[in-house]
Colleague: 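Sending over a structure as C-alpha cells; questions will come in a sec.
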Protein chains: 2
Amino acid sequence: MQKLQPKIKDVAHVAGVSTATVSRALTQPERLSESTREKVFDAIRATGYRVNKAARNLRTRRAGAVLVLVPNLGNPFFSTILSSINEVLAANGYSVLVFDSQQPSAPGQVVSDYLLNGSVDGLITLDGNISIALGETLKNAQMLGNVVFCCEWSDSLPLPSIRSDNALGARLAVDHLFALGHRRIAHVTGPEDNILAQVRRSAFEIRCAELGLIIAPEWIIPGDFSLTSGARAAEQLVAMPERPTAVFCASDEIALSLISRCKQNGLSIPQDLSVVGFDDLEIAGFVQPSLTTIRQDRTGLGRLAAEELITRLNSAQSKETSRIILAPVELIKRDTTATASKEQARNILA
Amino acid sequence: MQKLQPKIKDVAHVAGVSTATVSRALTQPERLSESTREKVFDAIRATGYRVNKAARNLRTRRAGAVLVLVPNLGNPFFSTILSSINEVLAANGYSVLVFDSQQPSAPGQVVSDYLLNGSVDGLITLDGNISIALGETLKNAQMLGNVVFCCEWSDSLPLPSIRSDNALGARLAVDHLFALGHRRIAHVTGPEDNILAQVRRSAFEIRCAELGLIIAPEWIIPGDFSLTSGARAAEQLVAMPERPTAVFCASDEIALSLISRCKQNGLSIPQDLSVVGFDDLEIAGFVQPSLTTIRQDRTGLGRLAAEELITRLNSAQSKETSRIILAPVELIKRDTTATASKEQARNILA
DNA sequence: GAAGCTCTTGTAATCGATTACATCACGATT
DNA sequence: AATCGTGATGTAATCGATTACAAGAGCTTC
C-alpha cells in the first residue's frame with residue numbers, strides 16, 4: 001500500500017531543493033544546472049510524482065484541453081474527424097473533451113459552461129448550429145477567438161472555418177455524370193437548414209444550369225444525410241413517371257441506402273441509375289457495386305482544424321477573423337456510375 | 001468590453017455576503033436561508049459568474065471528468081457506444097475525455113497520466129489491451145477501482161466488465177445456420193490476440209461440435225474485424241475447392257466486405273453462401289441484401305458501463321471486483337441467410 | 001577592488017474555489 | 001434566568017502547483 005499521491009513538496013524534499021526548482025525542472029528544465037536537474041528528475045522518478053493538473057491549471061489559467069462539439073457521435077463521418085483532431089491535439093499536449101450536441105441537455109449552455117468555467121481553452125465545433133446567443137456570450141467573455149468550425153460554419157459568426165470545397169464537390173459530381181451522357185440528374189439533399197447542404201444543392205443547380213440541363217422540381221428530393229432518408233428518396237425516385245437517369249446524393253449514407261432500396265425495387269445500378277455520393281466513407285469502397293463518390297479529406301479536415309485552433313490559442317491577440325480554409329475534394333470513380341445508354345442520353349426533358 | 005471573469009469574491013461583494021455563503025449557495029443551497037439564497041443567485045446572474053473548474057477541482061480533489069479509451073475512434077461500432085457513454089455521464093455532471101489508443105503516443109503512459117494527475121476521476125476502456133504494468137501503476141495509486149471495461153476485458157485484471165454475451169451470439173449464429181440446413185460453416189475471426197474474438201471463435205467451434213458439424217481447418221479464416229480483412233477472407237473462400245455453404249463473421253464490417261467481394265467473384269448471396277455478421281451496425285439494415293447479424297446493444301453497453309463507473313466513483317470503498325455484466329445479444333434475421341439447397345445440405349464432409 | 005552581469009536557486013505570494021471551525025442570534029428547556 | 005441546541009453566516013486555512021522578486025555566487029571589466 002502506497003501513500004497518497006506525492007506532491008511537489010515531497011519531490012523537493014527528496015531532491016533537497018525548493019519547490020520552485022522542482023517546478024522549473026518540469027516547465028523550463030534548461031534554466032537549471034545539469035546537476036540539480038538530474039537530482040530533481042531522480043527524485044521525481046523515485047517518488048512517482050505527477051503534476052496535479054488542477055493546481056497547475058488554476059495557477060496558469062489554462063486548461064490544456066479542447067472541447068469538440070459533435071452532432072451525432074455515432075456517425076462514422078464525424079468520428080474519423082474526431083480521431084484526427086485527437087491525434088493533433090494530443091501531440092500538442094492538449095486533452096480532448098467531446099460533447100454530442102444531439103443530446104437532451106441544451107448544447108449551447110453546455111458549451112458556454114465549458115468555455116467560461118475554464119474546463120477547456122478552446123472549441124472545435126463540427127456542428128454549425130451555434131446560436132447567436134452563444135456567440136454573444138463567448139464574445140463578451142473574449143472567448144470567441146478560441147472557437148473554430150470544422151466542416152460546418154455559420155454566416156452570422158466571424159469564426160474561422162475549415163471545410164471541404166462543397167461547391168466544387170457538387171460540380172465534380174455533375175460534370176462526371178454529364179460526361180457519361182446523363183442529362184436528367186436528380187439530387188437528394190441534406191437537411192434544409194444545413195448551410196453545407198445548401199451549398200451542395202445550389203452548386204448542383206447552378207452547374208446543371210450552366211450545362212443546359214433542366215431539373216424537374218421533383219428531382220430535388222429532400223433528405224437529411226441519413227440512411228433512412230436515402231431509402232425514402234429511393235421510393236420517391238422509383239415512383240417517378242419521368243425517372244432521372246442519375247442521382248447525386250448529399251452524403252454516402254444517403255447514396256448507399258438509396259442504392260439498396262432501388263435494387264429492392266428491381267432497378268440495376270448503375271445500368272438503370274447512376275449514383276454519386278459525397279464523403280467517401282470507408283465502406284463506400286467495400287460495397288457491391290462500389291460507390292462513386294466525392295471524397296472529403298476527413299483526416300485533413302480534423303488536422304487543419306486542430307492546427308488552426310492551436311495557432312490561435314498560442315497567439316495572444318484575439319483575432320476574430322472569419323478565415324476560411326478549404327480542404328480539397330476529389331471525385332472517386334467507382335462502379336455506381338456508368339455511361340448513359342442511348343435511350344437514357346436522348347431522354348431530355350422538353 | 002467586459003472585465004475578466006468574475007470570481008466568487010465579486011459575487012460575494014455584490015450580494016453583500018461572504019465567499020463561504022456564495023460557495024454554499026452553489027453546492028448546498030438548502031443550508032442557506034431563502035432570503036440570502038436569493039440574494040446570492042441574483043448576484044450570480046448579475047455578474048455572469050461561473051465557478052472556476054480548476055479551483056474547485058483542486059480543492060475537492062475531484063475532476064468531474066472521465067476518460068474513455070477507444071481503439072480506433074473512426075469505427076462506427078465504438079463511436080455509438082461513446083455517444084451513449086457521453087449521454088449518461090453528462091447527465092451525471094461528468095465531462096468526457098476521449099483518447100484514441102491507436103495513436104502513436106504510448107497509450108498506457110497517457111492513460112496513467114490522466115488518472116494520476118487528476119485530469120479524470122475514472123476510466124472506461126473499450127480497449128482490452130491494458131498492460132499489466134499499467135494495472136500495477138493504477139493499483140498502487142489506488143485507482144484500479146475507478147476503471148471499467150466496456151465490450152472488452154482482461155483476464156489478468158480484476159476489473160468490472162460490461163460486455164455482450166459473445167458466446168451466446170456465436171451459438172445463435174450457428175444454430176440459425178444449422179436450422180436452415182447448413183452443415184459446412186466457416187468462420188472469419190477477429191484479431192488473434194483479441195479476447196473477445198477468441199470467445200466468439202471458440203463458442204463457434206464448440207457449438208459446431210455439439211451439433212456434430214465438422215470444421216475443416218481452412219474454414220477458420222483469420223481476420224481482424226476490418227473491412228479489408230473481410231475482402232481478403234472472401235478471396236480465400238471463393239478459392240476453396242470444398243467451399244462452405246455459410247460463414248459466420250466476427251464483425252459486420254467483415255461480413256459486408258466479404259459479401260461484396262464474393263459477389264464480385266460471381267457468387268450469389270444468400271443462394272451460394274449464407275452470411276451472418278456480428279454487431280448490427282446501422283448500415284447492416286440498409287444494404288442489399290440486408291445483413292443477417294447478431295445485434296449487440298451498443299447503447300446499452302455504453303450506458304451500463306457509464307452507470308457502473310459512476311456507482312464506483314460514488315462509493316468510497318475501492319472494490320476491485322471483476323464483476324461481469326452481460327448485455328443481451330439477439331439474432332437479427334435479414335436477407336443474407338437462406339435455406340440450404342439440397343445439394344448444399346447433403347454436402348457433408350466425410 | 002568595486003560595480004555590474006549572468007546564472008542558479010530560494011522565499012513567499014498567488015490562482016479561486018471549498019470547508020473546518022468559530023460566532024452569533026434565537027427559541028426551547030429546566 | 002441560565003443553559004443549551006440549532007441554524008445561518010463569517011473567518012481563515014487549505015488544495016498543489018507557478019512565478020515575481022530577491023539573493024548569493026562567480027566572472028568580467030575598468
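Order of the sequence lines fixes the chain letters, A, B, ..., with proteins taken first and strands second; residue numbering starts at 1 for each chain.
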Colleague: Choose from C:dT9, C:dA17, C:dC15 the nucleotide whose nearest atom is closest to any side-chain atom of A:T36.
Modeller: C:dT9
Colleague: Can you tell me how far apart OG1 (A:T27) and CZ (A:R56) are? Round to the nearest 0.5 Å.
Modeller: 7.0 Å
Colleague: Any idea which of C:dT9, C:dC21, C:dG16 is nearest the B:R24 side chain?
Modeller: C:dC21
Colleague: Does A:Y49 have a side-chain nitrogen or oxygen under 4.0 Å from the phosphate oxygens OP1 or OP2 of D:dA17?
Modeller: yes
Colleague: If you check the B:A20 side chain, which of D:dA12, D:dG16, C:dA17 turns out closest?
Modeller: D:dA12
Colleague: Would you please confirm or rule out a distance under 4.0 Å between OP1 or OP2 of C:dC7 and any side-chain N or O of A:S33?
Modeller: no
Colleague: For a quick test of reading the model, state the closest non-hydrogen atom pair linking A:Y49 to A:K7 and the distance between them.
Modeller: CE1-C, 3.5 Å
Colleague: Considering only C:dG16, D:dG10, C:dT11, which nucleotide approaches the side chain of B:T21 most closely?
Modeller: D:dG10
Colleague: Taking for each residue the nucleotide of DNA chain D with the nearest heavy atom, is it A:L26 or A:R31 whose nucleotide lies nearer the 5' end?
Modeller: A:L26
Colleague: Of the candidate nucleotides C:dT18, D:dG16, C:dG10, which contains the atom at the shortest distance from the side chain of A:S18?
Modeller: C:dG10
Colleague: Determine whether any donor atom in the side chain of A:R56 lies under 3.5 Å from an acceptor atom in the base of D:dT18, or the reverse, and answer yes or no.
Modeller: no
Colleague: Does a distance-only test, which skips hydrogens and angles, find a donor-acceptor pair under 3.5 Å between the side chain of A:R50 and the base of D:dG16?
Modeller: no
Colleague: Counting heavy atoms from C-beta on, name the nucleotide in C:dA12, C:dA17, D:dA17 closest to the side chain of A:T19.
Modeller: C:dA12
Colleague: Let me confirm one number: the CD1-CG distance from A:I325 to A:L301, rounded to the nearest 0.5 Å.
Modeller: 10.0 Å
Colleague: Please confirm whether the shortest side-chain N or O distance from A:R61 to OP1 or OP2 of D:dT18 is below 4.0 Å.
Modeller: no
Colleague: Without hydrogens or angle criteria, can the side chains of B:S119 and B:N117 be said to hold a donor-acceptor pair below 3.5 Å?
Modeller: yes
